[in-house]
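The residues of the chain are indexed from 1 along the displayed sequence.
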Amino acid sequence: MKFLFPVEDIGHGLPVSRIVSSIPTHLRQHQRAIITAPPGTGKTTLVPPVVANMLGQCSPTRPQVVVVAPRRVAVRAAARRLAQLSDTSLGDVVGYQVRGENHPGSVVTFVTPGVLIRRLLDDPELHGVGAVIVDEVHERQLDTDVALALALEAAELIEDLHVVAMSATIDARKFSRLMGDAPIIDTPAVLHPLEVIYSPAAGRLAVSREFLQHVAHEAASQFAQQSAQGYSVLVFVPGVREIRIVMDALADRGVNAYPLHGRLTPQEQDAAMYTDEPRVVVSTAVAESSVTVPGVRAVVDAGLSRAPRRDHGRDMAGLVTVSCARPQAEQRAGRAGREGPGVVVRCFSALDFQKLADGVTPEIVVSDLTQMALVWACWGTPRAEGLPLLDAPPQRAVVRAEESLRAIGAVDATGHVTASGELLARVPVDPRLAHALFILGEKAAPIAAVVGDDPRGDIARALKHPQEKRLARLAATHGQRYRELREGTQGFTAVENLPPTAGVVVGLAYPHRLARRVSETTGHGASGGEPVFLTTGGTRVRVPHDVGLQDAQWLAIASVDRADGVGTQGAPRLPVVRAAARIDEGDVLAIMPLETTTTAQVDSSGSTPVIRGRAVRRIGAIELSSQPVKLTPHTLAAALEDAIATQGPALFPDFSSAETQALLARLRFAHDYLGGLWPAVDEDSLTADAVQWLAPECEAVAGGMALAKVDMTAAVRRLVPWQYQQVMGELLPAGWEAPSGRVVPIDYSGEHPQVSLKLQECFGITSHPVVGRSQVVKDPAPETPMIIAPGIALTVHLLSPAGRPLAVTADLPGFFAGTYQDVKKEMKGRYPKHPWPDDPFTAPATSLTKKRAGLH
């Protein structure tokens, strides 16, 4: 067999002979395979040459291997490592392609998932490619899941395209089912010994500065031991902010440290990874997998990661800091044992480790899906229907994504891509950002490039980005055609001549994140209060001091981190702005339509509630001005509808009356216990349909009736189907006629209907009172059959002659046959003027004294 790579030299401890024989055999037979190997065994650099050697023998027309790694730093590192091991120049036999960089290899090319997705959209047959290897599939990143799904679909049509999924910590059987029962190639390896040290500290989940100081202390301690032997230390923290804090703490201890994260330039990443001297590398999750930092023999793990989460209620996506999953912790530990015996210091307890989740949350169920929804539309599978995905996208998120795409004309009502959507899909950024780029032209490219790459701080101050030239070319090539397609659509005329400032680019892409300053908040930051802004989408956010926009009045927000939990005052934490730009109010008004509405508010400050009108000018949820106006019958009716839509029936004072609330309690009981067509009268249901069922009342008020005069009991009664109204009095009576002859109100508000009355009023009873007995129904209409429960016993609260509680029973005959005699002995001396007969079954019922009742 002719080897294109010296595989034996690349193995590094793996059972090379087994790998070489197993992979080609399985791929030739099944076209697909799943490869698992322990963390740190080097499969990322071993498997591609094995597959390439196989293709050289069996697929001469498709000799290339495309390897998908989850991050740009991993792609660069893996390509460089394989080129070095195979003694070839980078970009010759082995190469890589990431956004903004293209150094393809003739045999093996490492790419990010986004690059593979874009290549599949441009060339679904993947000409020249014989195998796609998707690495680190266990991380469940959204673009990795989608890249694997598209590759699997392509392999269904391309007879000699092979697909391999790889991971160190994988649910192999689950992936095997997804890939058509693909064979699982398990590659155990002899790993170097790894010492595990648990060093917990307070403040981990809050990511406090004190906790990060503890992480730095452990890193410095390990560095003192490892550097003496020429080795380095790798530290895992969740984000760039935490990297900066830990590095500052290490500098105070005289320790040389390098950052490693996705926003660094390739040169800066290389400085962290390939410096010969012993060092501390402080990294985000980019070093967790597919990356070897040479010389590392110790890992310090904060046990945290940054994960996307979507707040559907506020239509806002962002990142949150969470505990990493157990497989992530194992992957990180494996970094210390790649080159020799190592040590991992976990800055949490052994119990915390056991409590870590068994797997990461798939990004597809928690992320903003707008960009992927356009990919699915371009692929011909709107809403991802039919795609071989491990987890289906949530319906709610798909709907929101399609709404965003329809707003910019990228998809039609059926979810299929439009001509303008196809142009947007050519741009390697969020389609909403591509929309802004095409409308504003080439001058918007620098800002679009920065915003498309997870920026931080004031975007207007961002440095030159390597992607901007490519985006400028795309704007020059497709912008004019896009503007022609969009001409005449809603809002286009207002924005086509806007200046391509940072605020305009961001605001045009994400209009629901345009925000106005509303207040100051304290308790955050080192220098006092931080400004709070209200977005047009209705969300309040805070701007930290390090963003550098404290004096802004209007912002266009590019990046925001969600904040879970509550703050020191018990209120929910506000989302945190991470990147934004100033924007003029005039530009905001061009991007977002100005709405002027007349609203009605109930003024209860006087003795009689009245409706007052206000004319409100607003942009989305941001109120610009408000002034009182006189309501005409027409505007009052419209304003009432708006008020009722939000406030519901509580707008009318009589809704809180005892009579109306008693009727609602009866209907809630009927709906919950009797079933049938009894209406739902919970707060949400009543408010949701209030405009419809309260239309007669709105008309009456618009015609001059005072709010306080509206009969809400009659309005609520209209909700009951007419067939039920005929029997409601018998089936669910408002009161129970006691043996004394008095009608006692029935309280339906509790778990069971109940009444309260004096014990003496129940003398002579032979059967316990019930409600809801089915036989009281008289010939219900056949088209609306009534589903009635058996009779439900009233809960009877028996009171003393003074009205104090004596007993509670759901069986009056049983009470009088037993417990009554004990009650009688205790109460007869206390209330001698009232009857306490020996035989309560034959005694006349009364609420009077013996003398007034004529008893002896």
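With rounding to the nearest 0.5 Å, the separation of CG in Leu555 from CG in Leu549 is 5.5 Å. Of the inter-residue distances, the one linking Arg542 atom CZ with Glu530 atom CD reads 5.0 Å to the nearest 0.5 angstrom. Distance CD/Glu139 to CG/Leu142: 13.0 Å, rounded to 0.5 Å. For the atom pair Met372 CE and Leu389 CG, the distance stands at 10.0 Å (nearest 0.5 Å). The line from CZ of Phe175 to CG of Leu390 is 5.0 Å long, rounded to the nearest 0.5 Å. Of the inter-residue distances, the one linking Tyr510 atom OH with Arg432 atom CZ reads 5.5 Å to the nearest 0.5 angstrom.
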Would you be so kind as to tabulate the donor-acceptor pairs closer than 3.5 Å made by side chains of residues 413-424, with sequence neighbours excluded?
{"residue": "Thr414", "atom": "OG1", "partner": "Asp412", "partner atom": "OD1", "Å": "2.7"}
{"residue": "Thr414", "atom": "OG1", "partner": "His416", "partner atom": "ND1", "Å": "2.8"}
{"residue": "Thr418", "atom": "OG1", "partner": "Gly409", "partner atom": "O", "Å": "2.5"}
{"residue": "Thr418", "atom": "OG1", "partner": "Ala410", "partner atom": "O", "Å": "3.1"}
{"residue": "Thr418", "atom": "OG1", "partner": "Ser420", "partner atom": "OG", "Å": "3.2"}
{"residue": "Thr418", "atom": "OG1", "partner": "Gly421", "partner atom": "N", "Å": "3.1"}
{"residue": "Ser420", "atom": "OG", "partner": "Gly409", "partner atom": "O", "Å": "2.7"}

Identify all side-chain donor-acceptor contacts of residues 441-450 below 3.5 Å with residues at least two apart in sequence or on another chain.
none

Ignoring hydrogens and angles, write down the donor-acceptor pairs under 3.5 Å from the side chains of residues 590-597, residues two or more places apart or on other chains.
none

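Considering all non-hydrogen atoms of both residues, Thr536 and Pro511 come closest at OG1-O, 2.6 Å. Residues Ser167 and Val137 approach most closely at CB-CG2, 4.0 Å, considering heavy atoms. The minimum heavy-atom distance between Ile644 and Ala690, with the atom names listed, is CG2-CB, 3.2 Å. For the pair Ala151 and Leu120, the tightest heavy-atom approach, listed with the atom from each and the gap, is N-CD1, 4.0 Å. Contact between Ala502 and Ile459 at its shortest, heavy atoms only, is CB-CG2, 4.3 Å. Taking all atoms of both residues into account, the shortest heavy-atom contact from Pro124 to Ile158 is O-CD1, 3.6 Å.
Counting heavy-atom neighbours within 6.0 Å of Glu159 CD, excluding the residue itself, gives a total of 12 or less.
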**OP:** Give the intermediate values and the outcome of salt bridge (charged side-chain N to carboxylate O under 4.0 Å, His left out) for residues Glu487 and Arg481.
**Re:** CA-CA 10 Å; Glu487 190 171 5; Arg481 176 58 181 157; over 6 Å; no
**OP:** Would you please test Arg426 and Asp122 for salt bridge (charged side-chain N to carboxylate O under 4.0 Å, His left out) and show each step?
**Re:** CA-CA 9 Å; Arg426 296 175 180 269; Asp122 291 339; 5.3 Å; no
Subject >> Step-by-step side chain to side chain contact (heavy atoms under 4.5 Å, CB included) determination, Leu433 to Leu508 >> reply: CA-CA 8 Å; Leu433 196 55; Leu508 194 55; over 6 Å; no
**OP:** Please lay out, stage by stage, how Phe110 and Asp135 fare under the test side chain to side chain contact (heavy atoms under 4.5 Å, CB included).
**Re:** CA-CA 10 Å; Phe110 289 84; Asp135 199 8; over 6 Å; no
Original post:
Hey, mind stepping through Arg540 and Val518 against side chain to side chain contact (heavy atoms under 4.5 Å, CB included) and telling me if it holds?
Top reply: CA-CA 9 Å; Arg540 289 179 181 268; Val518 292; 3.1 Å; yes
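Put simply, the side chain of Val429 does not reach to within 4.5 Å of the side chain of Leu437, judged on heavy atoms. Side-chain atoms of Val588 and Ile619, non-hydrogen and from C-beta on, do get closer than 4.5 Å to each other. Side-chain contact between Leu150 and Val375 is present, with at least one heavy-atom pair separated by less than 4.5 Å. No side-chain heavy atom of Pro308 sits under 4.5 Å from any side-chain heavy atom of Val320. Leu624 is listed as a side-chain neighbour of Leu589, based on a closest heavy-atom distance under 4.5 Å. A heavy-atom distance below 4.5 Å is found between the side chains of Asp587 and Pro499. With a 4.5 Å cut-off on side-chain heavy atoms, Val108 and Gln64 do not count as touching. Within the 4.5 Å cutoff, the side chain of Val504 has heavy atoms near those of the Leu440 side chain.
Between the Gln550 side chain and the Pro544 main chain, a donor and an acceptor come within less than 3.5 Å of each other. Formation of a donor-acceptor pair under 3.5 Å by the Arg72 side chain with backbone atoms of Arg99 is not found in this model. Not one N or O on the side chain of Thr539 forms a donor-acceptor pair closer than 3.5 Å with the backbone of Thr535. The backbone N or O of Thr265 sits less than 3.5 Å from a side-chain atom of Glu268, completing a donor-acceptor pair. Between the side chain of Ser404 and the backbone N or O of Arg400, at least one donor-acceptor pair lies under 3.5 Å. Under a 3.5 Å cut-off, the side chain of Asp458 and the backbone N or O of Ala460 do form a donor-acceptor pair.
Looking only at atom types and distance, the side chain of Arg76 has a donor-acceptor partner in the side chain of Gln269 under 3.5 Å away. Checking Trp379 against Glu153 by side-chain atom types alone, a donor-acceptor pair falls below 3.5 Å.
Ionic pairing of Asp454 and Arg456 is present here: one or more N-O contacts between side-chain nitrogen and carboxylate oxygen are shorter than 4.0 angstrom. With respect to the salt-bridge test (charged N to carboxylate O, under 4.0 angstrom), the residues Glu402 and Arg383 qualify. Taking the charged nitrogens against the carboxylate oxygens, Glu403 and Arg406 have no contact shorter than 4.0 Å, which rules out a salt bridge.
The side chain to side chain donor-acceptor pair (under 3.5 Å) analysis of residues 102-114, with sequence neighbours excluded, yields no pairs.
For the side chain to side chain contact (heavy atoms under 4.5 Å, CB included) test, residues two or more places apart in sequence or in another chain that qualify with Val360 are Arg140, Ala325, Gln328. With sequence neighbours excluded, no residue forms a ring-ring contact (aromatic ring centres under 6.0 Å, His included) with His162. Applying the salt bridge (Lys or Arg N to Asp or Glu O under 4.0 Å) rule to Arg177 yields no partners; only residues at least two apart in sequence or on another chain are considered. Every ring-ring contact (aromatic ring centres under 6.0 Å, His included) that Tyr482 has, sequence neighbours left out, goes to His435, Phe438. Evaluation of the salt bridge (Lys or Arg N to Asp or Glu O under 4.0 Å) rule for Arg306 yields Asp561 as partners, not counting sequence neighbours. In this structure His127 satisfies the side chain to side chain contact (heavy atoms under 4.5 Å, CB included) test together with Asp123, Glu125, sequence neighbours excluded. With sequence neighbours excluded, the residues that form a side chain to side chain contact (heavy atoms under 4.5 Å, CB included) with Ala425 are Leu374, Cys378. Under the salt bridge (Lys or Arg N to Asp or Glu O under 4.0 Å) criterion, Arg62 pairs with Asp160, sequence neighbours left out.
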